[in-house]
2 protein chains.
Amino acid sequence: MSTRKPKPAADTSEQILDLAENLIQTMGYSAFSYQDISSALGITKPSIHYHFPSKAELGTAVIERYAGRFGEALAAIEQDQSKSSVAMLERYFEPFLQFSKTPNKVCLCGALAGEMMALPPPMHDRADRFFKDHHAWLTAILKRGADRGEFRMSAPVAKTARMIFSALQGALLVKRTTGDASEVRDVVAAIKAQLAAA
Amino acid sequence: MSTRKPKPAADTSEQILDLAENLIQTMGYSAFSYQDISSALGITKPSIHYHFPSKAELGTAVIERYAGRFGEALAAIEQDQSKSSVAMLERYFEPFLQFSKTPNKVCLCGALAGEMMALPPPMHDRADRFFKDHHAWLTAILKRGADRGEFRMSAPVAKTARMIFSALQGALLVKRTTGDASEVRDVVAAIKAQLAAA
DNA sequence: GTCTATACAAAGATAGAC
DNA sequence: GTCTATCTTTGTATAGAC
């Protein structure tokens with residue numbers, strides 16, 4: 001019991017990453033500054049430089065952690081092969097529906113995509129990999145579902161996967177702009193209806 | 001013949017708008033500066049301030065012009081009621097496919113969506129209206145196609161419209177990041193296959 | 001690991017001459 | 001309508017004390 005703290009008292013580095021992630025998701029990478037973090041955290045700017053020498057390194061660490069977390073979640077979903085493909089997809093949608101509940105959050109990589117050419121190369125590369133990994137994962141799940149007769153697809157699996165992923169990313173962006181929380185829910189509903197259509 | 005110049009010799013304001021639009025589409029609003037424009041145009045920063053006193057006003061003018069242009073295109077498509085709904089949708093896809101041919105361009109509003117909270121309110125409002133107008137237009141076309149038996153939909157029209165629009169916006173963002181030009185084509189293909197499925 | 005102090009560059013913007 | 005000159009603020013970053 002004493003070896004497992006209830007709240008691991010996030011060290012400063014983690015807190016900085018948390019804040020930076022949030023700031024990027026709400027205002028974008030270019031628009032946030034060390035000042036924003038230092039104010040929110042109650043420490044000075046140089047203290048942040050101690051943990052992350054440059055903004056590019058901080059940005060890279062943020063996306064690295066985010067993509068890693070997301071990747072683990074995907075791996076966990078496909079681990080239990082006893083689940084139906086429909087159930088797996090259901091769990092895949094969860095984080096997107098979760099995002100849609102907060103008014104101003106989008107997928108970190110979706111936010112970054114809009115300002116891609118202004119990002120340091122390591123961040124660009126990591127976002128690239130994030131998108132490609134997602135596509136590969138979704139394609140595999142859709143193929144499994146099609147093989148097992150759980151999904152009906154009117155287009156090739158890979159193209160359907162691209163449409164679903166693009167729709168989810170786009171839905172988050174549109175939702176944030178219009179403020180209509182049902183955007184993501186509607187898109188998820190349309191995707192499910194499409195895959196279930198007989 | 002003399003009243004219609006072949007190349008209207010865009011005045012400075014137009015050239016500034018063109019450049020700003022391009023810069024926002026490639027690096028985002030926060031990341032571009034008056035310096036970028038002044039360098040590209042060969043005039044000084046104060047000259048730009050003469051045409052657009054503040055960056056917020058320039059940004060607003062850019063989105064205003066862009067959304068107006070897009071709105072006119074949509075109006076033109078639905079004008080010719082003799083066309084099939086499939087043909088109308090085909091023409092709607094065109095600008096998105098066009099974007100996908102240039103390596104670094106996304107829809108202006110798609111780029112802005114990622115940094116929405118960092119934008120001046122007028123820009124936010126205009127992007128909001130852009131998304132809502134698109135949804136209304138798409139919904140009308142889909143309804144027309146469904147009524148005429150040209151489209152098959154497994155979900156309500158409004159939800160299908162949301163999915164299609166989100167998918168197009170998301171596809172542009174993913175494409176720009178991964179550099180895979182077929183992303184948008186694949187998504188368009190998947191959408192068409194879905195609507196045509198019997 | 002956090003602070004004060006500071007350097008340095010870039011940004012948005014204005015005044016006033018031409 | 002464009003220029004030079006200048007101002008102010010902010011941003012990223014470093015040096016060095018505690």
Side-chain angles (χ1 to χ4, degrees), chain A residues 5 8-63 111-112 114-115 117-124, chain B residues 5 8-64 111-112 114-124:
Chain A
K5 305 255 177 63
D11 63 7
T12 308
S13 288
E14 285 302 312
Q15 287 179 276
I16 293 172
L17 286 172
D18 289 342
L19 273 164
E21 181 175 317
N22 238 288
L23 286 165
I24 294 175
Q25 283 175 317
T26 51
M27 17 185 358
Y29 174 78
S30 304
F32 96 90
S33 73
Y34 272 40
Q35 182 62 57
D36 295 326
I37 296 178
S38 93
S39 303
L41 215 58
I43 61 177
T44 60
K45 289 193 284 174
S47 301
I48 302 171
H49 279 284
Y50 169 80
H51 296 279
F52 301 96
S54 74
K55 191 182 177 184
E57 287 169 272
L58 171 55
T60 305
V62 167
I63 190 170
L112 293 173
E115 49 182 346
M117 305 318 288
L119 299 183
M123 291 188 71
H124 188 150
Chain B
K5 305 257 178 60
D11 63 7
T12 308
S13 289
E14 285 302 311
Q15 288 180 275
I16 293 171
L17 286 171
D18 289 342
L19 273 164
E21 182 176 318
N22 239 287
L23 285 165
I24 294 174
Q25 284 175 315
T26 50
M27 18 185 358
Y29 175 79
S30 304
F32 97 89
S33 74
Y34 272 40
Q35 182 62 56
D36 295 326
I37 296 179
S38 94
S39 302
L41 216 58
I43 61 177
T44 59
K45 287 194 288 173
S47 301
I48 302 172
H49 279 283
Y50 168 80
H51 296 278
F52 301 95
S54 74
K55 191 183 178 185
E57 287 170 272
L58 172 54
T60 306
V62 167
I63 190 170
E64 199 74 54
L112 293 174
E115 50 182 346
M116 200 52 69
M117 305 318 287
L119 299 183
M123 290 187 71
H124 188 150

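The sequence lines fix the lettering, A, B, ..., with proteins before strands; numbering per chain opens at 1.
Using a 4.5 Å cut-off on side-chain heavy atoms (C-beta onward), A/Leu17 and A/Phe52 make contact. For the pair A/Ile37 and A/Leu58, the minimum side-chain heavy-atom distance is below 4.5 Å. Taking 4.5 Å as the limit, some side-chain heavy atom of A/Leu41 sits within range of a side-chain heavy atom of A/Thr12. No side-chain heavy atom of B/Ile16 sits less than 4.5 Å from a side-chain heavy atom of B/Ser13. Within the 4.5 Å cutoff, the side chain of B/Ile43 has no heavy atoms near those of the B/Tyr50 side chain.
The side chain of B/Tyr50 lies closest to D/dG1, out of C/dA13, C/dA5, D/dG1. Comparing atom distances between the B/Pro46 side chain and each of D/dA5, D/dA13, D/dT2 picks out D/dA5 as nearest. In this structure, of D/dT12, C/dA13, D/dC3, it is D/dC3 that holds the atom nearest to the side chain of B/Ile43. Distance from the side chain of B/Ser47 is smallest to D/dC3 among D/dC3, C/dA11, D/dG11.
For B/Thr44, a side-chain nitrogen or oxygen approaches OP1 or OP2 of D/dC3 to under 4.0 Å. Not one side-chain nitrogen or oxygen of B/His49 sits closer than 4.0 Å to the OP1 or OP2 atom of C/dA15. The side chain of A/Thr12 places an N or O atom within less than 4.0 Å of a non-bridging phosphate oxygen (OP1 or OP2) of C/dT2.
Nucleic acid contact class of B/Phe32 (heavy atoms, under 4.0 Å, all strands): sugar-phosphate only. Using a 4.0 Å heavy-atom cutoff across all strands shown, A/Ser33 reaches sugar-phosphate atoms only and no base atom.
Atom CG in B/Asp36 sits about 11 Å away from atom P in C/dA10, given to the nearest Å. The distance from atom NE2 of B/His51 to atom P of C/dG12 is 17 Å, rounded to the nearest whole Å. Atom pair A/Lys45:NZ and C/dA5:C1' shows a separation of 12 Å (rounding to whole Å applied). Remark: P of D/dA13 and CD of A/Gln35 are 14 Å apart, rounded to the nearest angstrom. Atom CG of A/Leu58 and atom C1' of D/dG11 are 14 Å apart (whole Å). Residue A/Tyr34 contributes atom OH, which lies 15 Å from atom C1' of D/dT10 at whole-angstrom precision. Rounded to a whole Å, the CD1 atom of B/Ile37 is 12 Å from the C1' atom of C/dG12. Atom pair A/Gln15:CD and C/dG1:C1' shows a separation of 13 Å (rounding to whole Å applied).
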